[in-house]
Number of protein chains: 2
Amino acid sequence: RMLFDARNAPYIRWGEDGHTVLIANPHGFATKIIPQYFKHSNLASFIRQLNVYGFHKTTQDPDICEFAHTNFKRDEPALMQNIRRK
Amino acid sequence: RMLFDARNAPYIRWGEDGHTVLIANPHGFATKIIPQYFKHSNLASFIRQLNVYGFHKTTQDPDICEFAHTNFKRDEPALMQNIRRK
DNA sequence: GGGAATATTCCC
DNA sequence: GGGAATATTCCC
């Protein structure tokens, strides 16, 4: 839902190819967007959940906050059903 | 902390003898007080935590929402250290 | 009232 | 990035 709401795009959006999640403004994302969907405003807790559900960081570059999951693609939403808690 | 803040007394306070926790106004307590201390506003979730920490309802009367714990007494705060998660 | 799933936090 | 403790939810 976050990714399909265009108002969130400055903070979190699909990567170029629709195969990744790009947190473009981590600080703004944490303070403004996370609490609209979760009961906290901590980036670390959000990323902990990404990892629990099998997402992984796409690069080791600490300045780029981007995650991917085999079954999470913008144009194949049906795949999302296969995403499971570890 | 809730019980020692006099502003909360209309909603939650010590029982007469200081040996029980009285939720005097459950609905108001849930909506106004719980979210000041926790990340939710559900009475059931608050009571779930009371039970996890060993508190028990003092009466089966559903109109009286009062809980007790051997180590939770107003005038013996040092006892609280013995309260443990089950 | 409590077991269990999931969320959030804490810590390594 | 993930194990584990605790919080919150869900369900019986």
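Since the model is a prediction, treat every value here as computed from it, not as a measurement. In what follows, chains are A, B, ... by sequence order, proteins preceding strands, each numbered from 1.
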Could you check how far [atom1] of [X] sits from [atom2] of [N], rounded to whole Å?
X	N	atom1	atom2	answer
A:Leu43	C:dT9	CG	C1'	14 Å
A:Ile47	C:dT9	CD1	C1'	14 Å
A:Arg48	D:dA4	CZ	C1'	9 Å
B:Asn51	D:dC12	CG	P	19 Å
A:Ile34	C:dA7	CD1	P	14 Å
B:Tyr53	C:dG1	OH	P	18 Å
B:Phe55	C:dG2	CZ	C1'	17 Å
A:Phe38	C:dT6	CZ	P	14 Å

Counting side-chain heavy atoms from CB outward, which of [options] is closest to [X]?
X	options	value
A:His40	C:dG1, D:dT8, C:dT8	C:dT8
B:Asn42	C:dT6, D:dT9, D:dG1	D:dT9
B:Lys57	D:dT8, C:dT8, C:dG1	C:dG1
A:Lys39	D:dA7, D:dG1, D:dT8	D:dT8
B:Gln49	D:dT8, D:dG2, C:dT8	D:dT8
B:Lys86	C:dG2, C:dT9, C:dG1	C:dG2
A:Arg85	C:dT8, C:dA7, D:dA7	C:dA7

For the atom pair [atom1] ([X]) and [atom2] ([Y]), what is the distance rounded to the nearest 0.5 Å?
X	Y	atom1	atom2	result
B:Asp17	B:Asp75	CG	CG	9.5 Å
A:Phe67	A:Ile12	CZ	CD1	9.0 Å
B:Tyr53	B:His69	OH	NE2	10.5 Å
B:Ile83	B:Leu50	CD1	CG	10.0 Å

Quiz item: Within the structure shown, what part of the strands sits under 4.0 Å from B:Phe46 by heavy-atom distance: base, sugar-phosphate, or nothing?
Solution: nothing
Quiz item: Do A:Tyr37 and A:Leu22 sit in the same hydrophobic cluster, where Ile, Leu, Val, Met, Phe, Trp and Tyr count as joined when their side-chain heavy atoms come under 4.5 Å apart?
Solution: no
